[in-house]
Amino acid sequence: MAKTNTFTCSSCAASFSKWSGRCESCGEWNSIVEETPLSAGPSKKSLGTKRGTTLDLTSLSTQETPPPRTQSGLRELDRVLGGGLVPASAILVGGDPGIGKSTLLLQAAAKFALAGVKTMYVTGEESSAQVRMRAQRLGLTDAPVQLAADTNLRNILTTMETEKPGLVIIDSIQTMWADNVESAPGSVSQVRATAHELTNFAKRKGVSVILVGHVTKEGQIAGPRVIEHMVDTVLYFEGERGHQFRILRAVKNRFGPADEIGVFEMTGSGLAEVLNPSALFLSERGEPSPGSVVFAGIEGTRPVLVELQALVAPSPHSQPRRAVVGWDGSRLAMILAVLEARCGIPFAGLDVYLNVAGGMKISEPAADLAVAAALLSAREDAALPANTVVFGEISLSGALRPTPQTENRLKEAQKLGFTAAIVPKGGKSVTAGTMTLTRATDLTGFVGEVFGAG
Ligand code: TYD
Ligand code: MG
């Protein structure tokens, strides 16, 4: 049969027999690229009758010791990794270009090198001189990091073979190319092939590898998503360009909890750890104003307080606007629908804007009640007391559901000087310390308690 080219989505790696403008699998636009099939790929012939060797079968009860870990000393990074770097693990660090991935990893390289891990930093994006200049700016020139600038995978693997490092950082996977694959660096086949070789090498030789991957919204360069399943840990480095806060988020971790976050601040001399993110996220809060509500959330194992800001205004458009930054747009639509259907508070004809302050992104359902409070506060033009935090999940019936880790949230709020909390009724009884709790069973009750109407 003649070889035909296939078309692969660079965002989700689904393959198709013909090109289309939008990926049917993940819905991404302009992400489908043409791929030449590998000439040296696995043959389609059956395995035949030649016998293989018998596998070593073990029982589930075989005792395993937890993997030893090396701490970098960058506590925010160690936490996100699940307590430190696991030997022979493969880690992907994804993020928008310019967000600070190279800066973070150069700092991490220096820390791991100083902690006794033989560390190699391979850059395919910059020259060695540029990296050295950055190291100077960051004050890292004393760290025993081995630096190389190359993009040829074969050379990199050979160097790894002879140097036997404990950690190799590849910045970035999109610039690397394997000479047995006939497509340009950054294409889906190249990214997949080079990541596969590197992670395989990591497993076989006990080396940890950290792969940097750019995510582009246009999907022109193969998104790191095509290699997410190959690696043990996937971290995303997020932040808003205009803000100095950067969040390193574990979205997958075979060696630790997912959803853990590390918070950094981009300064003139590199990334600084933020050990108390709540204080930072609330630092820009001014006088209590309508539409502003503090949500006591949980990120991974840590409570984090963030400010939600809502703006509700009469709409000049026939289709009122709904815009969200840092939260899920369909969840906002749901809260608006519940407010309208269960509490009789309409938002028709009103533009609604919701923003999570500080460039933070939240995905917890526990933010529902805080969002509802922000929307109502903006709509009624009535500020909530400045000393109050809000959290709770809202169901479609308008009932409020208790959230996990209530005590941790309250403790964090108390630590930051808050004195009252509005939370759902029910669930386990909690010790609230000195916090005054207002508890509601449903959204109507909540509206009555807080805004004196219902
Ligand atoms: P970089 O690490 O190159 O981003 P990425 O590798 O994700 O593309 O960081 C780019 C930005 O960070 C750049 O706009 C300058 C800024 N920056 C600082 O603000 N302070 C610093 O100390 C450094 C090294 C960079
Ligand atoms: Mg970079």
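For ligands, and for the atoms within them, numbers begin at 1 and follow the listed sequence.
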Under-2.8 Å protein N/O/S neighbours of the Mg ion (ligand 2), ordered by chain then residue number: S102 OG
Derivation and outcome, side-chain contact (heavy atoms from CB on, under 4.5 Å), residues L105 and F237: CA-CA 11 Å; L105 290 172; F237 204 37; over 6 Å; no
side-chain hydrogen bond (donor to acceptor under 3.5 Å, both in side chains) evaluation trace for Q244 with T267: CA-CA 7 Å; Q244 72 271 40; T267 70; over 6 Å; no
Separation of L167 CG from I91 CD1 (nearest 0.5 Å): 7.5 Å
Reported OG1-to-CZ distance for the pair T123 and R134, which is rounded to 0.5 angstrom: 8.0 Å
Residues R302 and E412 bridged, charged N to O under 4.0 Å: no
Stepwise side-chain hydrogen bond (donor to acceptor under 3.5 Å, both in side chains) check, S172 with E125: CA-CA 7 Å; S172 67; E125 307 225 321; 2.7 Å; yes
Approximate separation, where rounding is to 0.5 Å, of F391 CZ and D368 CG: 13.0 Å
Backbone N/O of E393 and side chain of R401: donor-acceptor pair under 3.5 Å: no
Under 4.0 Å from ligand 1, counting heavy atoms only: the protein residues, by chain and number: D96, P97, G98, I99, G100, K101, S102, T103, R134, R137, L138, M266, T267, G268, S269, G270
Derivation and outcome, side-chain hydrogen bond (donor to acceptor under 3.5 Å, both in side chains), residues S72 and D78: CA-CA 6 Å; S72 65; D78 292 338; 2.8 Å; yes
